[in-house]
Amino acid sequence: MSVEKSEQRNHLSRRNLLKLMGGTAGMMALAGCVAPAGAPAASDGSAPAAAPITLTVQHRREYFAEMETLFANAVQDWGAENNVNLEVSTVGAEAFEDFVAKTFASVEAGNPPDLIYHVRLVQQLYFLDALTPLSDAVAEAESLYGTAPYGQRAHSFIDGEWYGIPYQMAGGGKFVRQDKLAEIGLDPDADMATWDQVRTSALAMSDPENEFYGWGATVNRSGDANGLVSNILQAWGSQITDAEMSQLTFDSDATVAAVEWITEIFTSDEYAPMLPPGIMSWTDISNNEVWLAGSAGFTNNAASLYAQSKADGNPVFENTAVILEPIGPYGERLSGGTGGSFVVPRGAQYVDEAVALSMHMITPEVFLPISLISAGLFLPAYAGYYEMDAVVEAFAEDPNLARMGENALGDHQGLSWPAEATPFHDAIQAESILTDMMAQTIIQGATAADAVTQAEERMARIGDEMGAFE
């Protein structure tokens with residue numbers, strides 16, 4: 001393909017992706033929702049001499065409020081030390097929220113923030129030509145702190161350039177109540193090593209008369225649910241595409257079998273005793289609330305619930321165990337993680353200052369205090385950190401941290417498996433196709449086969465709009 005044709009196809013693909021997000025007019029309307037950039041530069045391009053510059057920083061909304069405060073305080077401290085004013089605000093946490101749309105709108109309107117911290121969607125922002133390459137900064141970071149994990153490289157290293165400066169690996173995974181298992185003679189590792197064992201053990205520890213339910217993970221539209229459904233599907237061998245991204249492979253016997261297995265949990269009389277009331281209307285916050293109330297025996301979540309229980313002195317903390325990724329019929333443990341990174345939107349006014357702030361935030365003096373108090377929510381994003389005494393000691397003191405680190409540092413591709421991460425797979429996540437598929441079988445009564453076929457049809461439409469298979 002010629003360069004001219006390639007550029008033309010990319011242009012059309014980007015334009016069609018905008019259709020999926022509501023159209024260019026809708027994106028531009030969202031520009032009004034984005035905080036304006038800092039004070040305008042002088043006519044020669046320099047900052048006004050009479051006042052410090054104003055750096056606009058956006059960061060992901062956390063489900064553990066203390067982490068938002070720690071992050072924002074560290075940013076403000078840097079500003080005070082460097083005579084830089086900061087405008088700091090939060091953005092949506094989940095893929096199906098409007099973070100990408102608002103960011104693109106701000107870029108097109110010419111008033112993007114200078115720096116964004118987020119844990120996903122670098123691929124889509126790159127695809128929309130909304131990011132500034134940051135390879136030099138990442139090279140410096142890796143020279144100081146060691147290589148970034150696979151999960152960072154897979155999502156932020158694109159076409160030979162880094163478009164995100166790795167900041168943290170997002171800890172979390174499968175949490176279980178080890179005390180409730182012990183009461184019935186079960187062990188978290190030995191008796192929850194496979195997905196069938198997880199389901200059986202969750203039922204066994206349930207005590208609905210005393211408002212304790214073994215299964216505390218929803219498949220209703222939410223970030224946690226999308227991760228759970230994806231994990232289970234892949235444990236059965238379900239794959240959205242082949243490794244070469246040449247065709248869709250989602251509509252398969254493996255996918256249908258996995259969907260039937262999940263559906264059985266939420267529709268059969270056998271498993272009804274292990275389901276909390278209203279579980280199919282839960283959001284991401286609901287998982288945390290029910291777990292922290294001591295009412296669930298198993299859930300799939302970010303480390304926010306573990307961090308919150310520790311910060312509050314909740315007795316649930318001491319009774320929580322993190323298990324490795326369960327194995328399904330596919331026969332392999334598929335462990336891997338994603339992480340948060342700093343990105344600089346195209347057209348940002350103060351690129352050098354944004355990079356300098358990013359590099360400050362990843363220094364051990366700044367990052368470690370935030371990481372160690374987070375109880376796994378912010379795990380290190382560079383190999384060298386895992387050899388530092390403070391991290392080694394923390395992992396030795398809390399095996400759950402070590403287990404979360406082991407899960408996060410795996411080399412499984414995640415949703416795109418067996419292909420590398422692409423904007424197409426991010427778009428599927430943003431469209432909530434997997435959780436919508438489960439709603440069809442659980443709430444609407446569709447067969448697994450029909451729901452899977454319709455899900456692949458939605459994926460195909462996105463692929464066609466984006467030119468994903470051309």
Side-chain angles (χ1 to χ4, degrees), residues 173-177 180-181 184 186 188 191-209 211-222 224-240 250-283 286-287 290-291 295-301 323 325-334 415 432-456:
K174 312 299 182 288
F175 296 90
V176 301
R177 283 286 298 273
K180 295 295 185 179
L181 288 174
I184 56 177
L186 298 179
D191 296 300
M192 301 188 88
T194 70
W195 277 110
D196 282 339
Q197 287 180 312
V198 169
R199 189 168 71 169
T200 299
S201 296
L203 180 61
M205 72 172 112
S206 298
D207 183 8
E209 291 185 2
E211 298 183 344
F212 185 81
Y213 307 92
W215 187 277
T218 188
V219 292
N220 186 44
R221 180 180 284 203
S222 58
D224 292 327
N226 188 79
L228 176 70
V229 175
S230 174
N231 291 164
I232 295 174
L233 293 180
Q234 292 185 346
W236 262 249
S238 171
Q239 302 170 357
I240 292 175
F250 187 71
D251 193 349
S252 66
D253 291 344
T255 306
V256 171
V259 170
E260 289 175 341
W261 188 90
I262 299 171
T263 303
E264 189 177 23
I265 291 175
F266 293 90
T267 59
S268 73
D269 292 339
E270 179 181 1
Y271 296 108
M274 72 181 188
L275 299 180
I279 191 171
M280 277 305 296
S281 62
W282 282 9
T283 65
S286 307
N287 280 6
V290 173
W291 183 268
S295 300
F298 162 83
T299 196
N300 177 72
N301 210 291
I323 61 173
E325 186 66 30
I327 298 172
Y330 185 73
E332 293 184 15
R333 193 182 307 282
L334 304 174
L415 182 67
S432 301
I433 291 178
L434 299 185
T435 50
D436 289 354
M437 175 182 68
M438 297 314 310
Q440 283 187 277
T441 62
I442 296 168
I443 298 175
Q444 300 172 21
T447 66
D450 286 347
V452 169
T453 297
Q454 290 178 40
E456 182 172 283

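Residues forming a ring pair (Phe, Tyr, Trp, His ring centres under 6.0 Å) with Y213 (at least two apart in sequence, or on another chain): none. Applying the ring pair (Phe, Tyr, Trp, His ring centres under 6.0 Å) rule to W261 yields the partners W236; only residues at least two apart in sequence or on another chain are considered.
Side-chain atoms of T194 come within 3.5 Å of backbone N or O of Q197 as a donor-acceptor pair. Between the side chain of T299 and the main chain of N301, no donor-acceptor pair closer than 3.5 Å is present. Looking at S201, its side chain does come within 3.5 Å of a backbone N or O of D191 through a donor-acceptor pair.
The CD1 atom of I240 lies 10.0 Å from the CD atom of E456; values are rounded to the nearest 0.5 Å. Here CD1 of I442 is found 9.5 Å from CE of M437. Values are rounded to the nearest 0.5 Å. Here the CH2-CG distance, from W282 to N220, works out to 11.0 Å after rounding to the nearest 0.5 Å. A distance of 14.0 Å separates CE in M192 from CD1 in I327, rounded to the nearest 0.5 Å.
Using a 4.5 Å cut-off on side-chain heavy atoms (C-beta onward), L415 and L434 make contact. Residues F212 and M205 are in side-chain contact: their nearest non-hydrogen atoms beyond the backbone lie under 4.5 Å apart. With contacts defined as side-chain heavy-atom distances shorter than 4.5 Å, the pair T255/L233 qualifies.
One side chain, T453 or D251, offers a donor N or O that lies under 3.5 Å from an acceptor on the other.
Using cut-offs of 30° and 60° on the angle between ring planes, the pair F266 and W215 is perpendicular.
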Criterion side chain to side chain contact (heavy atoms under 4.5 Å, CB included) on N231 and L334, from CA distance to verdict: CA-CA 8 Å; N231 291 164; L334 304 174; over 6 Å; no
